[in-house]
Structure formats: C-alpha cells, structure tokens
J.: 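Before we start, here is the structure in question, set down as structure tokens.
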There are 2 protein chains.
Amino acid sequence: MNAQEEVIDFVINGHKDYLPHVSIDSVIFGYHHQQLKILLLKWIGHSGWGLPGGFIKSREPLTEAAYRILKERTRLSDLFLQQFHVFGDSPYRVRERSQAEFREKFGPITSEDNWLFQRTLSIGYFALVDYSKVDITTDFFTDDFYWCDVNEVPFLLFDQNEVVEMALKMLRLAIYHQPIGYNLLPEKFTIPEIHSLYQTILGKELDQRNFSKKLLTLGLIKKLDERRNIGPHRSPYLYQFDKANYEEALNQGIVHTY
Amino acid sequence: MNAQEEVIDFVINGHKDYLPHVSIDSVIFGYHHQQLKILLLKWIGHSGWGLPGGFIKSREPLTEAAYRILKERTRLSDLFLQQFHVFGDSPYRVRERSQAEFREKFGPITSEDNWLFQRTLSIGYFALVDYSKVDITTDFFTDDFYWCDVNEVPFLLFDQNEVVEMALKMLRLAIYHQPIGYNLLPEKFTIPEIHSLYQTILGKELDQRNFSKKLLTLGLIKKLDERRNIGPHRSPYLYQFDKANYEEALNQGIVHTY
DNA sequence: TTTCTATTCTGTAATATTTACGCAATTATT
DNA sequence: AATAATTGCGTAAATATTACAGAATAGAAA
C-alpha cells in the first residue's frame, strides 16, 4: 500500500473492508549468525519503534490473515507461525497516545472517531524466520525497520513490550513441546547449527553431546551420509528432520528437557 | 438482563456500549463428585446448546470482561480463569446459521446488519469451579442450562465443539505446568480428594503413592496435623497448598509428569 | 470390649532418564 | 608429514520415574 489514494481510502474506509477493534501483532523472530532478533518497524505518526501488524479482512479467516500480513511484510509464506495471546487489558492507553501524533501527519483526512483510533485488541502471533532470507517491505505507514537483538529491545509503542516478552516466553515454552527449527534451518543442517539455535533461543548452554543424543533418540532428526564443507577443519555431517516423527511430535507435543 | 426494554436496547444499541466483532466464550469446567463437567446454556433463537459467553464493554479491560461475564453467570468471583485461544477461522459459518433462528424470535427489531449478526471472533477462556457452589443465572437470552459431562458433549453452536476440545487440551496441559486445584478444592483437602481431581481432569489413573510423593516433593502441598471425619472408616489427614511454593510454581511453570 | 471392614497411609526395588564429562577422529592448512 | 581447529562419540554417576503390597487406623458391628 503506497499510492496516496490507496492510503487515504484505507484510513477513511478501512472499517468497511477490515474488522475494526481487532489487530494482529506479530513478533517475528529472526535467527542469523547465532543471534535471535525481532523485527521492529518505524510507524509513521509515532516516534518510537513498534511491531509489525495489520488488520483482518471482514471475511478472512484469522489464521489466513496472520499469514497474509506476514507475507506482505517478509515475502515468506512457509514459516512457523503461532498465535499466543490476546492483549486487551490497557484499553485507555492503547490508542490515545498515537492519535495526536498520527493526526499531525495525516491532518484533515482523519476525524476523531476514525476507526484507526478506536480501541483495538491485539492478537499476538509469533513467527520464526531466517532473517537473511527475508525481504522486508516497508510501505506508506512504515518508513523504516531493523532487526533488534531480543536482549536489547527498546521502549515500544502501546503495550508492545509486554507482547514481546510474552512471545519470548511462549517461544521458549514451545521449544520444549514442539520441534521448532524446521523453519529456522536449511533443509539439511549440522549438529552444531541446530545446537546453537537451541542455545540461542533458550539463552543458555546445552551440553552438545546430550543434546544431539536427545534429538536422535526422539527420532526428530536423522543423520545423512553427506557432509558439508564450511571452512577450515570443518566438515560436519548433515542431518535432516524426520518428517514423519516431526509431524507426530507437532500434534502430540513433546514433553522433555534438554 | 431481563427487562424487555433492556434487551431491546441491547440488541439495537449494544454496539455503542460493547466492542462489536469480538466475544468471549468460556468453557467453565465444573468438578463435583469426581466428575468433570462443563456448563452449557440454551440460547434463545438457537436450537442447540452453546457455551456461556458475552461481550466486552467498550472501555473495559479484556481480563476484567472475562471475569465479569463469569461472575454474572455463576456469581463466583474468585476462580481460576485463563485465556487459551482466539477462534476466528470460520468467518462464514459463525453467524449465518444463527441469524435466521434469531430473527424468527426477535422479529422486526433486528435488521440484517444488526451488530449481533456480524462476524465475531471468539476469545476462549477456561475456568475451573466447584459446580456445587455455583449459582447459575439465566437471563433473557438463555432459558436453560445444564452441566454436561466432558465425555458426552453434544453438537454445539457455531464452532464451539472445537473450542471445548481445545479447552480440555489446554487444561490438561496446564495441569502439568501449573498447580491447578487451588480453586477446585476446599482450602484444606485430603490426598484422596486431590488425587481423584487430577485423575478426573487427566482422564487416566495415577498411582496414588507416586502422586502424593510428587506433590510433596515439589513442595506444593503440606500436611496438616488435622484430620477430617467424612464417614465410616475414613479420617484422612488434611493437606493445604503451600502458598509460597505455589505462587512460585505459578510464575515459573512446573515441568513434570505424574 | 472385641472383631471386622473399609479406607488411608507408607516404603523399596527396578527401570528409565538425565546429567556430567574428555578424548579420539577428521579435515584443511601449513 | 605435522599441526590446529572442529566434529563426533561413550560411559559412569546421579536423579527421577515407575511399579507394586501390606500395615495401620477408625468406625461399625457383634
């Protein structure tokens, strides 16, 4: 959405095409070079950084909306995406602060009761992507973005710091119950790779021998006959997720520690 | 809400006081006589049974709304209540079926585009109560209720069977991570009581020796010097939750099996 | 008072899982 | 051929989980 008329139409008539009072906020975790980052956007009309998000079309299934919003932003369609919480406990704070700044930019086209200023519940989703493969799109409403280390998140819009915190908590919980990694690693990966992925997400060290033993025992990954050359003195074996066991684990949930 | 004018005002003008497009649906689990049941209501204008639920006031915090709705229905205010999922993937099915039946009852006061017929996302909460202590209120919209065994849930309105299934799944997951029971048992309880509570919720047998050993080892409960007389040949010791450890477990989450 | 019965209470051994830990093998480089 | 960096593998100890049964208690009945 970039053309001026399109934007104005969205602001003025968006409530006809989208559900008002509800938005989707995504915490997009990016993993790259053993760092865990989240995508932040600079929303126009706001001084600080905020999470990517969007609205649900009037007759669009919720899950579809979440994927669409993510795809519009990252160009990725196959990724791990999971709803984790609805935030709606600060109805006063949420939109009031934004209104003044926003109207300053848009001026006359926005009335006080514009749908974008109404109280909005936020449905939180978290996603996992390899951020080197992502092609971030900005638009009229977002003029900048950056990947922010999860340990250095600045003050965010609205109540979004709470959203990020909870997303991280849920991600760390999910990693114990679901075989996360499928969407964060190349199809074939090495033990050191998946090992440091898990360490990064959990933010703690895991014994690499016990770790790989566990994944192999659970049958989540299987060793291939190939190895990869990735530099001096390094030719680790490649592994692959075991599709069948992986799917089963996704449904059943895994109960385990590392 | 029972007076005729009140109801009509709610139907016609409710969209001004409540957030349209979003509702709260509660799966209220009742535990009594070693059975796990859920509360179902007969909504007027619908032929089948449905979950209790309601709408969020325009400036009411979400959590507060969930508690209010529950309190209006059960008269209970201190209970275990937890959000577990937002349902919004069947935008077509959700309200269309209801509309015809509903309008048949209400007739002329409802127009096609009445806010109650619009697409509505449903935020799912589950609660735990002792149903013998609950005083269920029906109102203009609900002319009957019953406590339904979780294993015999009939076909419900909209997509609510999915809601119930997921609630049960989440409850069973929660029981592994959170010291559930605080709100389902009297302050002082016996081992057999809490033992059968857990068995009922999980739907499987748990070795009673290992079970109590576990709860005591985790420090969640502590033995009192009192016993209770509950009938012939029965004077079990009483136990109590250990507040401090309990709170910590609520925050940290427990990882364990029984 | 004694006996009987229903219920509560408790302990230990076998098994499985998790943790801790270090060195040998491999491969590219020199 | 020697070296250095990295990967790969095994075992023992500690901990947690499971399986399992009989003794003790309290009230009821004789």
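As the structure is a prediction and not an experimental result, all values here were calculated from the model. Within every chain, numbering begins at 1; the chains are lettered A, B, ... in the order of the sequence lines, protein sequences first and strands thereafter.
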J.: Write down the distance between CZ (A/Arg209) and C1' (D/dG10), rounded to a whole number of angstrom.
T.: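 One finds 10 Å between C1' of D/dG10 and CZ of A/Arg209, rounded.
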J.: Round to the nearest Å and state the distance from A/Gln34 atom CD to D/dT6 atom P.
T.: 11 Å
J.: Tell me the interatomic distance from B/Phe211, atom CZ, to C/dG11, atom C1', rounded to whole angstroms.
T.: 19 Å
J.: Protein-nucleotides 12-16 of chain D N/O pairs closer than 3.5 Å?
T.:
none

J.: Considering only C/dT10, D/dC9, D/dT7, which nucleotide approaches the side chain of A/Tyr239 most closely?
T.: D/dC9
J.: Run through A/Phe211, A/Phe189, A/Tyr239 and flag the one making a ring pair (Phe, Tyr, Trp, His ring centres under 6.0 Å) with A/His195.
T.: A/Phe211
J.: Of the candidate nucleotides D/dC20, C/dT8, D/dG8, which contains the atom at the shortest distance from the side chain of B/Pro192?
T.: C/dT8
J.: Would you mind reporting whether B/His32 and B/Trp147 have side-chain heavy atoms less than 4.5 Å apart?
T.: no
J.: Any side-chain heavy-atom pair from A/Thr138 and A/Asp144 closer than 4.5 angstrom?
T.: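 No, their side chains stay 4.5 Å or more apart.
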J.: Measure the distance from CG on B/Asp207 to C1' on C/dT8 and round it to the nearest whole Å.
T.: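 Computing the B/Asp207:CG to C/dT8:C1' distance gives 14 Å.
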J.: Do A/Tyr125 and A/Leu62 come close enough that some side-chain heavy atom pair is under 4.5 Å?
T.: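 Answer yes - side chains close enough.
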J.: Once you round it to whole Å, what is the distance between P of C/dC9 and CG of B/Leu238?
T.: 9 Å
J.: What is the separation between atom CG on B/Asn210 and atom C1' on C/dT10, rounded to the nearest whole Å?
T.: 12 Å
J.: I need the full list of salt bridge (charged side-chain N to carboxylate O under 4.0 Å, His left out) pairs touching residues 165-190 of chain A, with sequence neighbours left out, sorted by first then second residue.
T.: A/Lys188-A/Glu226
J.: Do B/Phe241 and B/Leu215 have side chains that approach each other closer than 4.5 Å (heavy atoms only, starting at C-beta)?
T.: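 No, side chains not in contact.
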J.: Across the strands shown, which category fits B/Arg227 at heavy-atom distances under 4.0 angstrom: base, sugar-phosphate, nothing?
T.: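 Counting heavy atoms under 4.0 Å across all strands, the contact made by B/Arg227 is with sugar-phosphate only.
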J.: Rounded to whole angstroms, how far apart are CD on A/Gln208 and C1' on D/dG8?
T.: 8 Å
J.: Using whole Å, what does the distance between atom P of nucleotide D/dG8 and atom CD1 of A/Ile194 come to?
T.: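 The answer, rounded to whole Å, is 13 Å.
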J.: Do B/Leu51 and B/Leu40 come close enough that some side-chain heavy atom pair is under 4.5 Å?
T.: yes
